[in-house]
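I have placed the structure first, in the form of structure tokens, so that the comments after it can refer back to it.
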Amino acid sequence: MAKIQAIRGMNDLLPGQSSKWQYLENIVSDLLSKHGYQEIRMPIVEQTELFKRSIGEVTDIVEKEMYTFEDRNGDSLTLRPEGTACCVRAAEQHGLLFNQTQRLWYQGPMFRHERPQKGRYRQFHQIGVECFGFEGPDIDAELIALTDQLWKKLGIRDSVELQINSLGLPEERSAFKSALVVYLSDFKDQLDEDSVRRLDTNPLRILDSKSELTQKILEQAPVLTDFFGEDSKKHFAELTAFLDGLGIRYVVNPKLVRGLDYYSNMVFEWVTDALGAQGTVCAGGRYDGLVKQLGGKGSPGVGFAMGVERLVLLLEELKVFPEELDVVADVYIVAAGDGTQIKAFELAGHLRSKGALRVLQNMGQGSFKSQMKKADKSGARYAVILGSNEIDTDTALVKPLKSDEEQKSVAQSDLIKYIVV
RNA sequence: GUGGGCGUAGCUCAGUCGGUAGAGCUCAGGAUUGUGAUUCCUGCGGUCGAGGGUUCGAUCCCCUUCGCCCACCCCA
């Protein structure tokens, strides 16, 4: 009988890994709360229509990557491929966007049916941040500055690069799109295969093409910024002024095009070359039209999402995780001899509640030697040893496991004082 | 969806020019009485991914299939 395995591209997170995730998540949530952002939690499943209307009908995500299925009543449901649309839906549904501002964040699994590879999975996890009701570029700057801070706290700032671009307003962009298609259609027989396909599906992505010939043809192509109105130009100029003023280095990448339809004006990406093909570790942008598009009264929005798997991969690659992450206990209690276990339970409880220590208590008895081995392997700094001698005298032996200090007999009542220093 | 690489003990891998397999780590026990991480000894542990074919005989050769990994595409 074949063993049942996890679904391809959907990974279990084992103990050695979960501690790393928690480390990252704690730093992120702490930073966000210091900026006054509030957590929001949405369902994992939404009506399929939500994603069709937000991400765009002809994007790869909607066309071939969604986990879509029929509910028992015939409704078409989809496992969320991204969080922004869900967040907008939830905020709008509960009136959070009516004449007010919001700074929100969320965290959780997303699903896309792609071929798995390094840094790309079918169930992956994002930490997303979305702001509503702010029109100006100052909030864009706040978001970018926040991520900049995060990289510094994690110790990876030197390994990521900020790229920014402006896509203009939807109408400006679609005017450019038409002009681009007209221009490129004359070279149709010279373009690479993917670009020809994109001519129909997603012309902006052609700017991204890896084909040299295509890039050469693009040199004479219309330029997006020429289609911008005053407001778009101003917004982007003010944003770069903020970044300059804050001393945040960036590269303006005119080829930077995000894959989702709803972006307008500013888009940005944090990229690294340390992860192979999947170098984008955090990305986002402004989506002023999305709320209205999904049926709301309308509210400007900006946000970004980080890929948790990719970040953890990067932190591992750069070896910036603290070493002691896998140490699960401060103290290991060794109890040898008849009648010592009850005392061990009591002492363990005492050390946990009054000493705020992480305490592992030996289970299953075993020889003194094997208990000491387990104490060592736990990574605990101290072994607290209880034998019949100690029980008789209300003491315990405290043996340091991480240093050469002598072990010491300590009164049970003085244990915390002795260990917590 | 398209390429390429790989599947041998729980983990990391070696190996057999075809005669049903080995090391290190892990785990358990021991090197005298209640002391770990070093060292030494012993032990536990494998339908050699699955199915079929060739052969006296296949883990090794051939075919199929499944799984994993990397890349394209796309994206966090």
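Computed from a predicted structure; not experimentally measured. Below, chain A is the first sequence line, B the second, and so on; all start at residue 1.
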Confirm from the modelled atom types if [X] and [N] form a donor-acceptor pair under 3.5 Å, side chain to base only.
{"X": "A:R120", "N": "B:C70", "answer": "no"}
{"X": "A:E390", "N": "B:G34", "answer": "yes"}
{"X": "A:Q407", "N": "B:U35", "answer": "yes"}
{"X": "A:R205", "N": "B:C75", "answer": "no"}

Relative to the 5' end of RNA chain B, which residue comes earlier, A:Y121 or A:L401, by the nucleotide with the nearest heavy atom?
->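 Mapping each residue to its closest nucleotide by heavy atoms, the 5'-most match is A:L401.
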Whichever of A:G387 and A:H113 has its nearest RNA chain B nucleotide further upstream toward 5' =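 Closest to the 5' end, via its nearest nucleotide, is A:H113.
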So do the side chains of [X] and [Y] get within less than 4.5 Å of each other, counting heavy atoms only?
{"X": "A:L143", "Y": "A:Y37", "answer": "yes"}
{"X": "A:Q149", "Y": "A:L31", "answer": "yes"}
{"X": "A:R89", "Y": "A:R53", "answer": "no"}

Would you mind reading off the distance between [X] atom [atom1] and [N] atom [atom2], rounded to a whole angstrom?
{"X": "A:K373", "N": "B:U39", "atom1": "NZ", "atom2": "P", "value": "12 Å"}
{"X": "A:R122", "N": "B:G1", "atom1": "CZ", "atom2": "C1'", "value": "11 Å"}
{"X": "A:L313", "N": "B:C70", "atom1": "CG", "atom2": "C1'", "value": "13 Å"}
{"X": "A:E114", "N": "B:G1", "atom1": "CD", "atom2": "C1'", "value": "12 Å"}
{"X": "A:F51", "N": "B:A76", "atom1": "CZ", "atom2": "P", "value": "14 Å"}
{"X": "A:W151", "N": "B:A76", "atom1": "CH2", "atom2": "C1'", "value": "10 Å"}
{"X": "A:Q163", "N": "B:A76", "atom1": "CD", "atom2": "C1'", "value": "15 Å"}
{"X": "A:L14", "N": "B:C11", "atom1": "CG", "atom2": "P", "value": "11 Å"}

When you check the side-chain N and O atoms of A:Y287 and A:Q293, is any donor under 3.5 Å from an acceptor?
->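 No pair is found: no donor N or O on one side chain lies under 3.5 Å from an acceptor on the other.
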Touch check for [X], heavy atoms < 4.0 angstrom, all strands: base, sugar-phosphate only, or nothing?
{"X": "A:V281", "value": "sugar-phosphate"}
{"X": "A:L311", "value": "nothing"}
{"X": "A:G337", "value": "nothing"}
{"X": "A:A283", "value": "sugar-phosphate"}
{"X": "A:I127", "value": "nothing"}
{"X": "A:Y332", "value": "nothing"}

Sorted by chain and residue number, the salt bridge (charged side-chain N to carboxylate O under 4.0 Å, His left out) partners of A:K153 (sequence neighbours excluded) come out as none
OP1 or OP2 of [N] less than 4.0 angstrom from a side-chain nitrogen or oxygen of [X], does that happen here?
{"X": "A:K369", "N": "B:G36", "answer": "yes"}
{"X": "A:Q278", "N": "B:C75", "answer": "no"}
{"X": "A:R8", "N": "B:C66", "answer": "no"}

Classify the ring geometry between A:H113 and A:Y67 as parallel (under 30°), tilted (30 to 60°) or perpendicular (over 60°).
->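 If you compare the ring of A:H113 with that of A:Y67, the planes turn out tilted.
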Output the single nucleotide from [options] whose closest atom is nearest the side chain of [X].
{"X": "A:T280", "options": "B:C70, B:G34, B:A76", "answer": "B:A76"}
{"X": "A:R115", "options": "B:G3, B:G36, B:A76", "answer": "B:G3"}
{"X": "A:Q117", "options": "B:G29, B:A76, B:C70", "answer": "B:C70"}
{"X": "A:Q5", "options": "B:C73, B:A76, B:G67", "answer": "B:G67"}
{"X": "A:I61", "options": "B:G36, B:A71, B:C75", "answer": "B:C75"}
{"X": "A:D376", "options": "B:A76, B:U35, B:G36", "answer": "B:G36"}
{"X": "A:K399", "options": "B:C74, B:G34, B:G36", "answer": "B:G36"}

Interatomic distance at [atom1], [N] relative to [M], whole Å:
{"N": "B:U16", "M": "B:G43", "atom1": "C1'", "answer": "27 Å"}
{"N": "B:C69", "M": "B:U20", "atom1": "C1'", "answer": "29 Å"}
{"N": "B:G7", "M": "B:U64", "atom1": "C1'", "answer": "16 Å"}
{"N": "B:A21", "M": "B:U8", "atom1": "C1'", "answer": "8 Å"}

Can you establish whether the number of heavy atoms outside A:Q17 located under 6.0 Å from its atom CD is more than 12?
->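 Enclosed: over 12 neighbouring heavy atoms sit under 6.0 Å from CD of A:Q17.
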Counting distance only, does the side-chain N/O of A:R352 pair as donor-acceptor with the main-chain N or O of A:V359 below 3.5 Å?
-> yes
Each base of RNA chain B marked ( ) or [ ] if paired in-strand (Watson-Crick or G-U under 3.5 Å), | if paired to another strand and . if unpaired gives (((((((..((((........)))).(((((.......))))).....(((((.......))))))))))))....
Can you tell me how far CG of A:L275 sits from CD of A:E317, rounded to the nearest 0.5 angstrom?
->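 With rounding to 0.5 Å, CD (A:E317) is 7.0 Å from CG (A:L275).
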Spacing of A:K399 atom NZ and A:I385 atom CD1 [to the nearest 0.5 Å] =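 If I round to the nearest 0.5 Å, the distance is 6.5 Å.
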